[in-house]
Protein chains: 2
Amino acid sequence: MLAPMLEAAANLDLVFHALSDGTRRSLLRRLSDGEKTVGELAADYDVSLNAISKHLKVLTEADLVIRRKSGRQQILNLNPQSFGAVREWLQLYESFWRERLDALADYLAEDSGA
Amino acid sequence: MLAPMLEAAANLDLVFHALSDGTRRSLLRRLSDGEKTVGELAADYDVSLNAISKHLKVLTEADLVIRRKSGRQQILNLNPQSFGAVREWLQLYESFWRERLDALADYLAEDSGA
DNA sequence: TTATTGGTCAACCACTCAGTTGATTATCAA
DNA sequence: TTGATAATCAACTGAGTGGTTGACCAATAA
């Protein structure tokens, strides 16, 4: 059942845009090791904390990242759901993708066999 | 084996950026029905042929689309490989994603059972 | 040859983006 | 209270975006 999440397809704009930046993808990677604060994340980068804060805002608005407050700190976590949205979108092309690669593999196998 | 394609990760910037636009995602969908020329694709949209041509350029530079010439026409096709690159990137998060959703499902099942 | 058509290139516009610096808010510690 | 810290907000800059129109090139058709 693909429909439900895809109806929120306006979000795909936000999600893919969020993922189009290497720094933001890197932030997601670090978060996949466990939750972190803004400051902890920013410490690993050359750019200002402000820049990281803005990247995290983009990730949050794309629902790729969830935040909760703890005192004056923001604690960030990956949100598995939005990754699911990308995964679902990609599945639209999964069959196409697999068929063609299989066909290519077959062709190459045949070719090397002959 | 994830390494090979991910080394070409500079491309992920291009790929995700290409996917961040609804018109471009729509173009990919139409191409998944089979190859088409620039003009055929453009006919389905309100914007100028020039705008579509530029969108197709973005998709081509991200390797999501392949072109071949036939007379004065450009014939466009999906390129299954780049979809594979996205898929591989996503698989970095697949386990995380699945674990968390499973945990959530378990929690909800437990909750409704009690 | 001369038109016509398919498509790209070039220049421009309003808008957005990633980054900066500096001010601001909210929480913790003296 | 006062001061330091975590993080966001505000305003700005240079670069890039999606869109336009008009010129241009290549291939078909007259």
Side-chain angles (χ1 to χ4, degrees), chain A residues 9-31 34-79 82, chain B residues 9-31 34-79 82:
Chain A
N11 290 0
L12 282 177
D13 279 26
L14 294 179
V15 171
F16 281 126
H17 171 252
L19 296 179
S20 71
D21 182 277
T23 301
R24 286 193 289 263
R25 288 196 305 277
S26 171
L27 287 166
L28 293 177
R29 284 271 209 120
R30 311 223 175 207
L31 284 176
E35 62 184 25
K36 293 196 176 31
T37 67
V38 177
E40 285 170 345
L41 287 167
D44 297 330
Y45 297 86
D46 282 342
V47 299
S48 68
L49 183 140
N50 221 334
I52 297 298
S53 173
K54 282 167 77 173
H55 279 306
L56 291 169
K57 190 180 179 194
V58 172
L59 290 169
T60 303
E61 284 169 356
D63 274 334
L64 286 160
V65 157
I66 297 174
R67 337 164 70 106
R68 78 174 187 277
K69 270 186 72 172
S70 165
R72 61 185 154 179
Q73 298 183 314
Q74 296 272 342
I75 299 184
L76 303 164
N77 255 301
L78 290 190
N79 175 15
S82 277
Chain B
N11 290 359
L12 282 177
D13 279 26
L14 294 178
V15 170
F16 281 126
H17 171 251
L19 297 178
S20 72
D21 182 276
T23 300
R24 285 193 290 262
R25 288 196 305 278
S26 171
L27 287 166
L28 293 176
R29 285 271 209 119
R30 310 222 177 207
L31 284 176
E35 61 184 24
K36 293 197 176 29
T37 67
V38 177
E40 285 170 346
L41 287 167
D44 297 331
Y45 298 85
D46 284 339
V47 299
S48 68
L49 182 141
N50 221 332
I52 297 299
S53 173
K54 282 167 77 173
H55 279 305
L56 291 170
K57 189 180 180 196
V58 171
L59 290 169
T60 302
E61 284 170 356
D63 274 334
L64 286 160
V65 158
I66 297 174
R67 336 163 71 105
R68 80 174 186 276
K69 270 187 72 171
S70 165
R72 62 184 155 181
Q73 298 184 312
Q74 297 272 343
I75 299 184
L76 303 164
N77 255 302
L78 290 190
N79 175 14
S82 277

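For clarity, every value in this text was computed on a predicted model and none was experimentally measured.
Listed nucleotides D:dA7, C:dG7, D:dT20 differ in distance to B:L49; the shortest reach to its side chain belongs to C:dG7. Considering only side-chain atoms of A:H55, the nucleotide from C:dA18, D:dT20, C:dT8 that sits closest is C:dA18. Of the candidate nucleotides D:dA11, C:dG7, C:dA10, C:dA10 has the atom nearest to the side chain of B:N50. Checking D:dG19, D:dT8, C:dT8 against the side-chain heavy atoms of B:T23 singles out D:dG19 as nearest. Proximity note for B:A51 (side chain, C-beta onward) versus C:dT21, D:dG18, D:dT20: the nearest is D:dT20.
Distance CD (A:Q73) to C1' (C:dA26): 12 Å, rounded to an integer number of Å. The CD1 atom of B:I75 sits 13 Å away from the P atom of C:dT8 (whole-angstrom rounding). In this entry the distance linking CD of B:Q74 with C1' of D:dT28 reads 16 Å, nearest Å. One can place CG of B:L19 at 16 Å from C1' of D:dG18, the figure rounded to the nearest angstrom. Spacing between atom CG of B:L27 and atom P of D:dG19 amounts to 10 Å, rounded to whole angstrom units. Atom CG in A:D21 sits about 13 Å away from atom P in D:dT17, given to the nearest Å. Atoms CG (B:L59) and P (C:dT8) sit 12 Å apart, rounded to a whole Å. Atoms CZ (A:R72) and C1' (D:dA4) sit 7 Å apart, rounded to a whole Å.
Proximity of B:D13 to A:S20: side-chain heavy atoms (C-beta onward) are nowhere separated by under 4.5 Å. Under the 4.5 Å side-chain criterion, counting only non-hydrogen atoms from C-beta, A:L56 is in contact with A:R67. A:L31 is listed as a side-chain neighbour of A:K36, based on a closest heavy-atom distance under 4.5 Å.
DNA chain C is contacted by both A:K69 and A:H17; A:H17 maps to the nucleotide lying nearer its 5′ end (nearest heavy atom per residue). Between B:K54 and B:T37, the residue anchored closer to the 5' end of DNA chain C is B:T37, taking for each the nucleotide with the nearest heavy atom.
Between A:R24 and the phosphate of C:dC17, there is no side-chain N or O to OP1/OP2 separation shorter than 4.0 Å. Residue B:S53 places at least one side-chain N or O closer than 4.0 Å to OP1 or OP2 of C:dT8. An OP1 or OP2 oxygen of C:dG19 is reached within less than 4.0 angstrom by no side-chain nitrogen or oxygen of A:S48.
Using a 4.0 Å cut-off between charged nitrogen and carboxylate oxygen, A:R30 and A:E40 do not count as a salt-bridge pair.
At least one cation-pi condition fails for A:R24 and B:F16: the charged atom is not both under 6.0 angstrom from the six-membered ring centre and inside a 45 degree cone around its axis.
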